Amino acid sequence: MAAEKSESWDIELLSCPVCYERLMRKGPPGLNLQAIYRSVFECKKCHKSYSSKDIYLDLTVTAGLKKYVEVKPAGTEFFRRPFVSFIYERGWRQYFGGGFPGPDEEFKMAQEYFKPAEGGVLVDVSCGSGLFARKFANSGTYSGVVALDFSESMLRQCYGFMTRDPTTLLAANLALVRADVSRLPFSSASVDAVHAGAALHCWPSPSNAVAEITRILRSGGIFVGTTFLRSSPSTPWIFKPIREQSFVMFSAQKP
Ligand SMILES: C[S@@+](CC[C@H](N)C(=O)[O-])C[C@H]1O[C@@H](n2cnc3c(N)ncnc32)[C@H](O)[C@@H]1O
């Protein structure tokens with residue numbers, strides 16, 4: 001029986017958030033929601049199993065724990081509120097100040113930077129309600145897209161937007177994963193591209209997050225992000241208010 005079971009488990013791109021061992025998967029292959037919903041993921045090392053019974057696949061360290069509650073810093077907790085997630089893409093995101101050129105233009109700019117990663121797997125880290133993840137999936141540029149966020153309500157909003165476009169998006173290789181950017185559930189050097197739109201300034205520890213992103217990117221993989229510039233003690237006071245509000249897009253390639 002045990003031998004039979006191990007034969008029917010496939011090795012996945014996804015890793016256990018506790019020990020980073022590759023997750024074994026039992027179920028249909030593919031990153032689309034149907035396939036993931038019908039699959040069980042299990043870590044053979046720490047014997048924890050993960051499933052997506054709540055729309056998204058929960059790959060946080062605390063997945064499945066019912067009684068333990070951990071409060072994250074404000075930049076993370078704020079976006080877990082259902083009301084914030086609801087209004088985010090229904091007006092707020094489109095009218096960001098600070099010179100953000102708007103989702104269509106930002107998407108075009110990101111796609112340019114991602115050219116070397118075409119055909120690979122892209123992870124949209126802190127995807128919110130999936131504004132960009134859906135565009136990446138719809139573009140057909142990537143073999144798979146993972147929309148990843150810590151906020152349960154943002155991921156539910158993303159699913160809602162996906163159901164408006166059932167023929168393409170629900171069938172596309174677009175997975176919804178709940179995870180913490182400081183503990184990314186992917187094997188080292190397994191991902192071709194990472195996108196993080198307007199997110200860096202919300203992360204509890206940008207340096208830990210960037211270290212994690214570096215770990216999961218394969219050699220030659222690309223990281224593209226946008227954020228607001230912050231002023232520093234050396235910024236002349238006259239420029240401080242302007243600098244605090246400035247849009248910046250950056251890109252880096254892993255050597
Ligand atoms: C301002 S929204 C950006 C959403 C989208 N990427 C965009 O371009 O509009 C910031 C996102 O970061 C997510 N976030 C905050 N802390 C996080 C963490 N520790 N791990 C993963 N995502 C986090 C929030 O849930 C929120 O969806």
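Every number for a ligand or one of its atoms is a count from 1 in the order of the listing. The shown structure was predicted, so the numbers you read here are calculated from the model rather than taken from an experiment.
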Verify the cluster assignment for Leu14 and Val181: are they in a single hydrophobic cluster under the rule of side-chain heavy atoms below 4.5 Å apart?
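Yes, one cluster joins them.
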Same cluster (ILVMFWY, side-chain, under 4.5 Å), Tyr56 and Tyr37
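No.
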Any N or O of [X] closer than 3.5 Å to N or O of ligand 1:
| X | answer |
| --- | --- |
| Val181 | yes |
| Pro204 | no |
| Arg93 | yes |
| His201 | no |

Contact with ligand 1 for [X], non-hydrogen, under 4.0 angstrom:
| X | answer |
| --- | --- |
| Ala179 | yes |
| Phe78 | no |
| Leu131 | no |

Crowded around Glu77 CD? As in, over 12 foreign heavy atoms under 6.0 Å?
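It does: Glu77 CD has more than 12 such atoms within range.
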With under 30° as parallel and over 60° as perpendicular, where do the rings of Trp92 and Tyr88 fit, or are they tilted in between?
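Perpendicular.
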Ring geometry between His195 and Phe132 (parallel below 30°, tilted from 30 to 60°, perpendicular above 60°)
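Answer is tilted, since the angle falls between 30° and 60°.
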If you count the atoms of ligand 1 from 1 in the order shown, which ones are under 4.0 Å from a heavy atom of [X]?
| X | result |
| --- | --- |
| Phe132 | 8 (O) |
| Phe150 | 18 (C), 20 (N), 21 (C), 22 (N) |
| Cys202 | 10 (C), 16 (N) |
| Met154 | 27 (O) |
| Gly128 | 4 (C), 27 (O) |
| Ser151 | 25 (O) |

Using heavy-atom distances only, which candidate in Ser182, Ser126, Cys158 approaches atom 21 (C) of ligand 1 most closely?
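Heavy atom nearest to atom 21 (C) of ligand 1 belongs to Ser126.
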Test the Arg183-Phe150 pair against the cation-pi criterion, namely NZ or CZ under 6.0 angstrom from the six-membered ring centroid and within 45° of the ring axis.
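Output no; distance or angle outside limits.
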Within 45° cone of Phe86 ring axis and under 6.0 Å: Arg90 NZ or CZ:
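Yes.
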Are the ring centres of Phe250 and Phe223 closer than 6.0 Å?
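Between Phe223 and Phe250, which both carry aromatic rings, the centre distance is below 6.0 Å.
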What is the closest protein heavy atom to [atom], and at what distance does it sit?
| atom | value |
| --- | --- |
| atom 1 (C) of ligand 1 | Ala198 O, 3.2 Å |
| atom 2 (S) of ligand 1 | Tyr88 OH, 3.6 Å |
| atom 19 (N) of ligand 1 | Asp180 OD1, 3.1 Å |
| atom 16 (N) of ligand 1 | Thr76 OG1, 2.8 Å |
| atom 25 (O) of ligand 1 | Asp149 OD1, 2.6 Å |
| atom 15 (C) of ligand 1 | Gly75 O, 3.6 Å |

List the steps and the verdict of salt bridge (Lys or Arg N to Asp or Glu O under 4.0 Å) for Asp165 and Arg134.
CA-CA 10 Å; Asp165 192 359; Arg134 299 193 316 270; over 6 Å; no
List the steps, then state whether side-chain contact (heavy atoms from CB on, under 4.5 Å) holds for Leu148 with Phe186.
CA-CA 11 Å; Leu148 178 150; Phe186 302 97; 3.7 Å; yes
Taking the basic N atoms (NZ, or NE/NH1/NH2) and the acidic carboxylate oxygens, is any pair closer than 4.0 Å for Lys115 and Glu112?
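Result for this pair is yes, salt bridge flagged.
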To check you understand the geometry: which heavy-atom pair defines the closest contact between Ile222 and Phe114, and what is its length?
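Nearest heavy atoms, Ile222 then Phe114: O-CE2, 3.6 Å.
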